[in-house]
Amino acid sequence: MRESEAERRKKRSQKECRVNSESKKLHKQQIIAMESENCEVDDACACFGAMADDEEDEEEGGGLVENSAAHDPDAMPNLLDEDLTRAPTMDPRNQSQERRRSCCCCSCWTTIAVIIHIIILAAAILGMIPIGVMTSVMRAFMSGVVTFIWLVYCCVSVTSNLVSFFIGPARKEKHSDGDDPPSRLSDLCNKMGCLCVGPPPPSACCWNKIPWSIAISLLLVLEGILLLTPVLASVSSFHSLDSDSNSGGIIFDEAKAVDPRPSPFSFGQYMLPGSFSQFGGYDNNAGRAKTFKYKDGCEPECELDIHIPKSNGESTPSSSSGYPVIFHIHGGGWDSGEKSTPLVPISYWLNRNYAFVSIQYRFPSQTPGGATVFEQLDDVQDAFDYITSIGAEEGLDTSRVLFFGDSAGGHLACTVAYRSGAPGIRGLVNLYGATEWEYYMDSGGGYLEGLFEKVLPSSATAKDDYRNVSCSTYATSASAPILTVHGTWDTLVPMAVSEHLHSVVTTLGVSNLLVEVPLAEHVLEAGFYSVGGQMTIFAMERFVAAQL
């Protein structure tokens, strides 16, 4: 039976439809990939279901176009035109792969974000726990640079949120109906997961949901509070110290200071170079000092280092009588430590035309039969007498000497300076020194009791010994001016010890200044650009200039 012309035309049209449909599918895959960026998971599933229904219809009835054409062959061209404008669909397997790729990208950003938050939170918490010297070390080595990382992270997060909010998710490719083109910047921000609160990418990763972003924002606020609290708590101290500096007088003389710091604290330097420059570009002049043995019978050796400023390899005294002297006694619990290792670097003072002398004294644990604090005080006095005797030939002006000690060294420096009463001792810098043994024990004692026992005579009457090694016992109205820097959180040497010393010298009419560093622990000057480091240097350079 011969086919009619209408049937032949119908078959030819169906064949052309199948060919066109296959070619269009390949072309539309590219459009689908871009459009899928706006497709939520539920919408995508609906698309997949609709496509599956279409495929079933094609298998059962020869396709939508074929069934329609069977009733109306003339409608074929219109159906083909409609097919060109139909919303494209995508193979579920391809879209699943696209979702996995987006999830992988989101997961990578999430992993980076989690690592950053762990570092920031750990540094912030450890820096806020008063655990002695470790707190100061943590702040010196981490707080500044971690604050910088936190600040950068906040800027990236805010920028990402603003981009997502104002630009929105990637849109459909621009068509004749006027739709906006996709925003690749917004798409990137969306894929960064934890950094934005905009609409999620098609991956629908749980990390990019608004609740998670809110949690991240709250975490950033908490981290900022912990990181910035030591700085913000010290703002009033910055102003007070700056005010004392501008007032001048016996304590501070900014006009005489050589290249002084312009302010007590610089937040920019605190962050960068911050932890990357522990000594601010200075050093302790290792290997360039002259070492002298000032007495025998000590373990370790009773030696001292004399550091002389140099200019073009030659000594250049600031006056015909020689260089003024900073006389340093190191700390270490009266039984450890090393000369010429101050945290305020030696070359900082050499560059300002001061000579720097640092001494070693005996330790109980290394001296046969032990050593007492009274013997250590004698060592310091003997070292001072020695430089007085050789000062002229070494270019030292021993009529202008400033004693400087930290912790146990602060106690030894203060007690010897006030007990000696030598006219050449012009001033005293005490960094958190345990100067008041009698007051400390009368106030209930504590951690330092065990250290006291190691350096006190075994047959001593405790009350008299505590009084005889306390700095304020020897203070008089003629005593040298004193500057003390102490942290309010000091768990080894309580702040009350320094407050008691300064109350005594104030009553006697001695010029003095107690600089309190809020929330600072022991060894507060660790880190040249730390809060305690900057405040210590600012106060010291003006005090030294005024006294010498």
Side-chain angles (χ1 to χ4, degrees), residues 132-133 289 291-306 327-342 357-390 401 403-422 425 428 430-441 445-474 492-493 497 501 522-523:
V133 177
T291 301
F292 298 85
K293 187 174 183 178
Y294 64 86
K295 67 186 296 185
D296 295 318
C298 301
E299 290 294 340
E301 294 287 349
C302 284
E303 297 178 335
L304 59 83
D305 292 338
I306 298 179
F327 188 79
H328 173 248
I329 301 97
H330 68 78
W334 298 276
D335 198 26
S336 63
E338 179 64 36
K339 59 182 171 58
S340 296
T341 58
V357 176
S358 185
I359 75 165
Q360 188 67 54
Y361 51 90
R362 72 187 75 195
F363 296 151
S365 61
Q366 298 184 30
T367 302
T372 68
V373 66
F374 296 102
E375 292 174 307
Q376 292 176 332
L377 292 169
D378 290 340
D379 291 344
V380 176
Q381 182 67 57
D382 292 339
F384 175 67
D385 293 340
Y386 183 81
I387 67 161
T388 300
S389 65
I390 68 169
V401 179
F403 274 48
F404 164 40
D406 55 277
S407 194
H411 161 250
L412 297 175
C414 183
T415 305
V416 171
Y418 280 2
R419 188 180 70 173
S420 171
I425 301 175
L428 166 65
N430 165 43
L431 302 186
Y432 45 86
T435 56
E436 302 301 290
W437 289 32
E438 183 180 26
Y439 171 80
Y440 179 81
M441 296 303 297
Y447 168 79
L448 295 177
E449 288 185 68
L451 300 181
F452 292 168
E453 293 175 0
K454 292 181 180 180
V455 293
L456 285 174
S458 57
S459 61
T461 55
K463 185 68 175 178
D464 290 339
D465 283 339
Y466 292 145
R467 181 184 304 110
N468 291 334
V469 296
S470 295
C471 178
S472 62
T473 300
Y474 306 98
L492 303 185
V493 181
V497 170
L501 170 62
H522 208 63
V523 193

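Residues A413 and G405 come closest through the heavy atom pair CB-N, 4.1 Å. Residues P457 and D465 share a closest heavy-atom pair of CD-OD2, 4.0 Å. For the pair R419 and D378, the tightest heavy-atom approach, listed with the atom from each and the gap, is NH2-OD1, 3.7 Å. Shown here for A434 and V493, the closest heavy-atom pair between the two residues is CA-CG1, 3.8 Å. The shortest heavy-atom contact between G332 and A408 is N-CB, 4.1 Å. Listed here is the closest heavy atom pair of D379 and Y294: O-CE1, 3.4 Å.
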**Request:** Could you walk me through whether S358 and L304 pass the side chain to side chain contact (heavy atoms under 4.5 Å, CB included) test, one step at a time?
**Result:** CA-CA 6 Å; S358 185; L304 59 83; over 6 Å; no
**Request:** Let me see the working for I329 and V416 under side chain to side chain contact (heavy atoms under 4.5 Å, CB included), right down to the final yes or no.
**Result:** CA-CA 11 Å; I329 301 97; V416 171; over 6 Å; no
**Asked** salt bridge (Lys or Arg N to Asp or Glu O under 4.0 Å) between D305 and K293: does it pass, once the steps are laid out?
**Response** CA-CA 9 Å; D305 292 338; K293 187 174 183 178; over 6 Å; no
**Verdict with reasoning, T415 to V469, per side chain to side chain contact (heavy atoms under 4.5 Å, CB included)** = CA-CA 7 Å; T415 305; V469 296; 5.6 Å; no
**Prompt:** For Q376 and W334, what are the C-alpha separation, side-chain angles and deciding distance, and is it a side chain to side chain contact (heavy atoms under 4.5 Å, CB included)?
**Reply:** CA-CA 8 Å; Q376 292 176 332; W334 298 276; 3.4 Å; yes
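Looking at T367, its side chain does come within 3.5 Å of a backbone N or O of E299 through a donor-acceptor pair. The backbone N or O of F363 lies less than 3.5 Å from no partner atom in the side chain of Q366, so there is not a single donor-acceptor pair. Of the possible donor and acceptor atoms, none in the side chain of S407 sits under 3.5 Å from a partner among the backbone N and O of G331. Listed for the Y361 side chain is no donor-acceptor partner under 3.5 Å among the backbone atoms of E301.
Note on ring orientation: taking the six-membered ring where Trp is involved, the planes of Y466 and W437 are tilted (angle from 30° to 60°). Taking the six-membered ring for Trp and thresholds of 30 and 60 degrees, F404 and H328 have ring planes inclined between 30 and 60 degrees apart.
Side-chain atoms of Q360 and H330 form a donor-acceptor pair, as typed in the model, at a separation below 3.5 Å.
Taking NZ from K454 and CG from D335, the interatomic distance works out to 6.0 Å, rounded to the nearest 0.5 Å. In this structure, CD1 on I425 lies 4.0 Å from OG on S420, to the nearest 0.5 angstrom. To the nearest 0.5 angstrom, C414 atom SG is 6.0 Å from N430 atom CG. Rounded to the nearest 0.5 Å, atoms OH (Y439) and OG (S472) are 11.0 Å apart. Going from atom CG of L456 over to atom OG1 of T372 covers 8.0 Å, rounded to the nearest 0.5 Å. Between the NE2 atom in H411 and the OG1 atom in T435 there is a gap of 7.5 Å [rounded to 0.5 Å].
Looking at R362 and D296, no side-chain N of the basic residue comes within less than 4.0 Å of a carboxylate O on the acidic one, giving no salt bridge. Checked for salt-bridge contact, R467 and E438 meet the test: a charged N lies under 4.0 Å from a carboxylate O.
Looking at heavy atoms from C-beta onward, V523 lies in side-chain contact with Y432 at the 4.5 angstrom threshold. L412 places a side-chain heavy atom less than 4.5 Å from the side chain of L377. Residues K339 and I359 are not in side-chain contact: their nearest non-hydrogen atoms beyond the backbone lie 4.5 Å or more apart.
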Show the atom names and distances, to 0.1 Å, of all donor-acceptor pairs under 3.5 Å that link a side chain in residues 383-390 to residues at least two apart or in another chain.
residue : atom : partner : partner atom : Å
D385    : OD1  : Q381    : NE2          : 3.1
T388    : OG1  : F384    : O            : 2.8
S389    : OG   : Y386    : O            : 2.5

